[in-house]
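Have a look at the structure below, then the notes.
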Amino acid sequence: MSKAHGALLVFGLVTAIPAVGYPCRDFEFMTESEEAVLIVEAEKAFEAGQYAKVIEMLDNGIELRDWRRGNRRMELVAVSNIRTGRPHAGIKSLRYLLKQKKNDPYLLTRLAEGLAQTKIGKAEAMAILEKLEKADLLADTQGHDLLVRLRAS
Amino acid sequence: MLPALALLATFECNRCHDGVGTPAKLEKHCVRCHGAIIEGSWNAPKEMMDAWRPNLISFAAVPSLEDLSGFRREWVASFLMEPHDLRPNLRGMMPRLPIDEAQARELAAHLVKDDRSEPIPNFDRAVIRRGRALFESLQCGSCHAYSGVLAPKTAPVEMTEAMRLAPDLRHTRERLQPSYVRTLLVKPRSKMPVYNLEDEEVGALAAFLLAEPLQPIDETPVPSRLPLLARPVSFAEVKTEIFEKACMHCHANPDKSFNDGGPGNTGGFGYKGRGLSFMSYREAQSGSIGDDGERRSVFAKQGDTPKVIAHLMARYEEVRGREVPETLGMPMGLPPLSLEQIQLLESWIAQGRPQ
């Protein structure tokens with residue numbers, strides 16, 4: 001798909017009918033908003049480990065109407081960048097998101113994952129993960145595994 | 001102190017009740033939203049509503065708070081501070097609010113405009129007996145519990161809204177002015193049937209409700225937690241059996257629910273937002289935000305009990321009329337989780353919370 005077609009598609013997505021609010025649970029999988037569908041599909045690709053696909057789907061610079069979806073996109077792209085060997089871009093985005101979600105354990109764990117790939121970030125990565133571990137807030141097994149590797153290195 | 005209207009907004013009484021100002025938006029209104037799903041009028045695919053409907057046994061009905069003029073203000077204030085199961089046929093019940101006595105009195109004064117306090121008349125024993133006979137012949141007990149007087153009945157499988165809202169009559173004498181009890185028997189406020197009673201029958205029934213001696217209620221002891229499971233417990237099982245059934249409605253991710261993560265996440269019912277979501281592994285792992293702004297794991301131990309388990313067990317105390325200091329019973333406003341559900345969650349925690 002050309003960039004022009006992509007831009008048109010995304011323009012169509014962001015101007016779609018707004019979804020109704022679903023405060024109780026995650027109902028975005030059934031929303032009418034194609035903007036939401038795009039993020040949900042990208043999250044599925046992320047869960048499947050298809051990080052390059054996530055970047056292809058989302059890293060297009062188009063502003064999403066819903067800022068929270070914008071944040072979800074930024075997070076997905078950031079972590080996908082880290083996991084495809086581009087940690088610096090991911091680190092920058094995660095630091096930005098952490099200003100909004102202060103001390104979010106998942107974002108901190110992913111930030112450590114990115115920092116651990118850089119020459120100067122390993123000590124900071126270790127400090128982040130050890131603090132999370134001490135508070136029993138490490139986000140997942142990847143975080144635990146990374147901490148073990150950093151300690152061993 | 002905040003004026004009553006601000007208190008109504010703070011405690012979000014309009015999430016459930018009518019008669020307390022502008023109703024909450026549909027998607028924030030626990031009862032109307034569930035009602036719309038039950039009716040099939042909600043904005044969701046039919047097959048999804050069909051799947052959800054059998055589970056919608058909570059918040060299916062709620063009393064309006066419009067015109068509580070026959071209520072006792074003192075009782076309303078005490079109920080706001082120490083809510084208990086007033087309507088045994090209704091699964092949901094009034095949640096425990098972070099309300100102090102002054103606020104409760106302010107709200108009660110707003111809801112009950114008339115501050116009279118009628119004494120309970122002295123009734124002749126024969127009149128009370130006559131009332132009891134009428135109560136039985138009219139089969140009032142098919143909808144109403146009268147604990148401490150009549151043996152509890154099994155709730156009917158199919159229930160109308162009137163049956164769901166039927167209060168336990170044990171509380172009548174402290175809830176309502178005696179003259180209002182008579183009024184309700186003649187002209188019911190809710191969907192209770194009209195019986196066209198004679199004046200003498202009204203008097204006898206009122207006497208039975210207001211003056212029949214109440215026996216203490218046998219309290220079942222709080223059960224003990226079950227031993228940990230030996231078999232492996234997965235996160236998927238915990239999510240399906242516990243988080244999705246009991247937690248996610250109030251502890252959701254605001255990024256996926258239009259900025260409203262529910263009372264347990266973005267705040268509500270007067271509670272501060274705690275940022276706690278049970279929608280995914282990473283969110284459950286992320287803990288909740290304390291008063292100091294720091295996140296803490298909900299699985300950390302308090303003594304020998306993980307914090308989240310302490311909250312679930314505290315609900316067993318709350319439904320017996322006892323608050324556990326510093327530990328809000330969960331799920332709020334609903335019956336406790338089963339011991340088997342708690343066992344499942346505790347076993348998963350003890351196994352290291354496998355992802």
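The chains referred to below are lettered A, B, ... by the order of the sequence lines, with proteins before strands, and numbering in each begins at 1.
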Problem set entry | salt bridge (Lys or Arg N to Asp or Glu O under 4.0 Å) pairs, two or more places apart, involving residues 301-311 of chain B | none

Exercise. Who in residues 136-147 of chain A is close to chain B, using a strict under-4.5 Å heavy-atom cut-off?
Worked result: A:Asp136, A:Leu137, A:Leu138, A:Ala139, A:Asp140, A:Thr141, A:Gln142

Exercise. What residues, two or more places apart in sequence or in another chain, satisfy side chain to side chain contact (heavy atoms under 4.5 Å, CB included) together with B:Pro354?
Worked result: B:Trp348, B:Gln351

For this session: Kindly state each residue pair satisfying salt bridge (Lys or Arg N to Asp or Glu O under 4.0 Å) with at least one member in residues 76-93 of chain A, sequence neighbours excluded.
Result: A:Arg83-A:Glu113

Exercise. How about B:Tyr281 and B:Phe235: are their ring centroids closer than 6.0 Å?
Worked result: yes

Problem set entry | Partner chain A: residue of B:Glu294, B:Glu283, B:Arg353 with the largest heavy-atom pair count (under 4.5 Å) | B:Arg353

For this session: Identify which part of B:Arg296 has an atom lying under 4.5 Å from any heavy atom of chain A, answering side chain, backbone, both or neither.
Result: backbone

Exercise. Is a salt bridge present between A:Glu124 and A:Lys119, judged by a nitrogen-to-oxygen distance below 4.0 Å?
Worked result: no

For this session: Answer with yes or no whether the side chains of B:Thr266 and B:Arg274 bring together a donor and an acceptor at under 3.5 Å.
Result: no

Problem set entry | Side-chain H-bond candidate by donor/acceptor type, B:Asn253 with B:Arg282, under 3.5 Å | no

